[in-house]
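First listed ligand is number 1; within each ligand, the first listed atom is number 1. For this chain, numbers begin at 1 and follow the sequence in order. Bear in mind that the values here come from a model prediction, so they are computed numbers and not experimental data.
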Amino acid sequence: MSMVKNLWSKKPSAASIFEHQKSRRARATKRGAKRGSGLLSICILRLNAGAGLKYHAVALCNVLFVDCHVHLVDSVDPGKLLNYAYSTETLLFSVGVDRRSSVSSLSMAREHGAIVRAFVGVHPSESGQERTIEWLEGAAAEASGLGEIGLDPKYAAWEGAMETQVALFEKQLELAERLSLPVQVHSRGAERECLDLLSTYRVERVLMHWFESVDLAGEVAARGYFISFGPAVLYSKRLASVAASFPRELVLTESDGPVSFGPLGGASGPSTVPSVVFRLAALSGEVFEEVRERVLRNALSFLGEGRKG
Ligand SMILES: [Zn+2]
């Protein structure tokens with residue numbers, strides 16, 4: 001734990017928040033409507049081990065965009081986001097931060113299986129409230145993965161807070177390893193430490209959420225971890241620099257809604273995702289469609305759903 005102690009002497013990086021947005025897809029496609037040749041068409045059967053080896057069809061044929069990290073159940077109006085997701089064919093990875101939001105994410109995924117995947121877990125900010133996580137084992141068995149989990153010195157004001165965060169993160173990584181689940185990692189101000197802890201577990205599918213360390217991006221790529229880029233990539237030079245050099249097959253998109261982005265006019269949520277795709281395409285010198293389709297393939301690979309088809 002000495003390694004863990006050192007690092008917390010650093011000041012946490014300030015949360016960059018802001019935003020604008022919009023750029024909705026010009027062709028307002030109807031669900032199920034016929035589309036151009038560039039569309040990713042994947043229909044698969046998913047094995048839901050948590051439901052007792054029950055197979056159910058997952059219609060990903062219609063998905064156009066993916067928001068790999070959104071706090072759907074903590075949004076002001078989840079129904080509005082669901083309507084948006086259905087009408088624009090956006091797949092949402094609903095992440096939990098505690099028991100309540102994790103359980104709610106699971107019911108969202110149950111009810112809206114075509115467009116919602118649930119990630120369950122305890123966020124470092126909630127580590128003081130959620131010290132026992134027995135409930136998580138059952139929740140994880142039904143979920144697509146664990147998240148939002150990780151470390152953040154910003155939430156370590158109380159005595160022993162960092163040790164508690166580390167212990168919780170380790171327990172959750174151990175669970176992910178045991179159940180072979182992907183994880184979504186929050187590493188603000190603790191990028192090095194998160195990577196060190198991750199390396200001690202056999203967790204193959206890792207999404208580094210809002211990861212902005214230029215120095216460590218190469219290591220993240222070498223390990224085959226994903227980075228999900230959000231609206232901040234539209235104005236942050238640092239994030240743009242990470243995105244421009246990161247392997248394309250490991251790039252994902254997210255909104256981190258309901259976080260709103262001041263520099264972008266206060267926009268938030270999954271409707272920012274097309275703008276993120278546009279920005280990623282500009283950075284890589286590709287066309288929008290190419291990036292949009294690849295991000296979807298990457299997301300399915302992260303979920304592990306593409307492998308089960
Ligand atoms: Zn988040």
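- Distances shorter than 2.8 Å separate the Zn ion (ligand 1) from the protein N/O/S atoms His69 NE2, His71 NE2, Glu148 OE1, Asp256 OD1.
- A donor-acceptor pair shorter than 3.5 Å cannot be found between the side chains of Ser268 and Ser260.
- Asp98 and His123 share no donor-acceptor pair across their side chains, judged by distance under 3.5 Å alone.
- Under the 3.5 Å distance criterion, with hydrogens and angles disregarded, a donor-acceptor pair is assigned to the side chains of Ser228 and Glu254.
- With respect to the salt-bridge test (charged N to carboxylate O, under 4.0 angstrom), the residues Glu126 and Arg99 do not qualify.
- In summary, the side chains of Tyr86 and His112 do present a donor paired with an acceptor at a separation below 3.5 Å, with no hydrogens or angles considered.
- Looking at Ser255 and His69, their side chains never come closer than 4.5 Å, going by heavy atoms from C-beta outward.
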